[in-house]
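Single-structure report; data block below.
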Amino acid sequence: MSEPISALNGAVYTQGIAEITALDPIGMISLRGDLTAGYLKKPVKKITGVAMPEMRGINLEDGKGVAWMSPDELLLIGPYADVATNLETLHKAIGSNHALAVNVSDARAVFRITGTHTREVLAKLAPVDTSPDAFAPGTIRRTRLAQVPAAFWLIDDDTAELVCFRSVAQYVFDLLKTAAQPGSEVNYHRS
């Protein structure tokens, strides 16, 4: 099996008000179904090691986690190499129940945005309230980034991760670079 590579081969932008990094592929499984069902809750906990998130929440620990994407959809995050085993666990648990688990790892690109102006970079591109009162670590927003769908969450107050379709990775990287241009800080979220 060939080694996975990032959509942009680890591209990095460091000249602006935030650093933008295209991350190596991570394992991602889209899980759709009744999120309250035990046959989904148990394997999700086993695979990720974290509890099911609240609405608009994401629970991450040691590179594994689960994000709420919609009332009937979760995104399981973990090591790329573990996806096949994790899918097998999910499919066995689902059995004949109405649910769907799909490997979306290779269809996604992931970026990290770091720096004191991370919230501003995101706010310039998405119709989301990125203020500390409305958007804190442990929450996720599924939205549009200019012309394309994306989801992002805060790792800490100065670090966000963003996932988008791999097919628009260059477009998203360029958007993020533009929003992080030197001298473009607004200082809205800083006192």
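By convention here, the first residue in the shown sequence is residue 1.
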[atom1]/[X] to [atom2]/[Y] distance, rounded to the nearest 0.5 angstrom?
| X | Y | atom1 | atom2 | value |
| --- | --- | --- | --- | --- |
| I140 | E161 | CD1 | CD | 10.5 Å |
| D82 | T48 | CG | OG1 | 12.0 Å |
| T89 | I29 | OG1 | CD1 | 8.5 Å |
| R56 | S70 | CZ | OG | 12.0 Å |

Single-linkage hydrophobic cluster, 4.5 Å side-chain cutoff, [X] and [Y] together:
| X | Y | answer |
| --- | --- | --- |
| M69 | M55 | no |
| L87 | L74 | yes |
| I58 | L23 | yes |
| V104 | V163 | yes |
| I155 | M28 | yes |

Is the CD atom of Q147 crowded by more than 12 outside heavy atoms at less than 6.0 Å?
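No, not enclosed.
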
Using a cut-off of 6.0 Å, state whether more than 12 heavy atoms not belonging to Q170 lie near its atom CD.
yes

Decide yes or no for [X] and [Y]: does some side-chain heavy atom of the first lie under 4.5 Å from some side-chain heavy atom of the second?
| X | Y | result |
| --- | --- | --- |
| I26 | P79 | no |
| L31 | I94 | yes |
| W68 | T139 | no |
| L75 | V66 | no |
| L60 | W153 | yes |
| L76 | I47 | yes |
| K45 | V50 | no |

Can a donor-acceptor pair be found between the side chains of [X] and [Y] at a distance below 3.5 Å?
| X | Y | result |
| --- | --- | --- |
| T159 | D156 | yes |
| S105 | N103 | yes |
| S184 | K124 | yes |

Quick one: does any side-chain atom of [X] pair with a main-chain N or O of [Y] as donor and acceptor, under 3.5 Å?
| X | Y | value |
| --- | --- | --- |
| H91 | A101 | yes |
| E19 | T14 | no |
| N59 | A51 | yes |
| E88 | A84 | no |

In the hydrophobic clustering that connects Ile, Leu, Val, Met, Phe, Trp and Tyr at side-chain heavy-atom distances below 4.5 Å, which members other than F165 occupy its cluster, ordered by chain and number?
L8, Y13, I17, I20, F111, I113, V121, L122, L125, V128, F135, L145, V148, F152, L154, L162, V168, Y171, V172, F173, L175, L176

Considering residues at least two apart in sequence or located in another chain, which fulfil the salt bridge (Lys or Arg N to Asp or Glu O under 4.0 Å) criterion with E73?
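Here the qualifying residues are R32, R142.
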
Between [X] and [Y], what is the shortest heavy-atom contact and its length?
| X | Y | result |
| --- | --- | --- |
| A169 | C164 | CA-SG, 4.3 Å |
| L40 | D34 | CD1-O, 3.3 Å |
| A109 | A7 | CB-CB, 4.0 Å |
| M52 | V44 | SD-CG1, 3.7 Å |

May I ask you to say whether R119 pairs ionically with D157, meaning some side-chain N is under 4.0 Å from a carboxylate O?
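Salt bridge: yes.
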
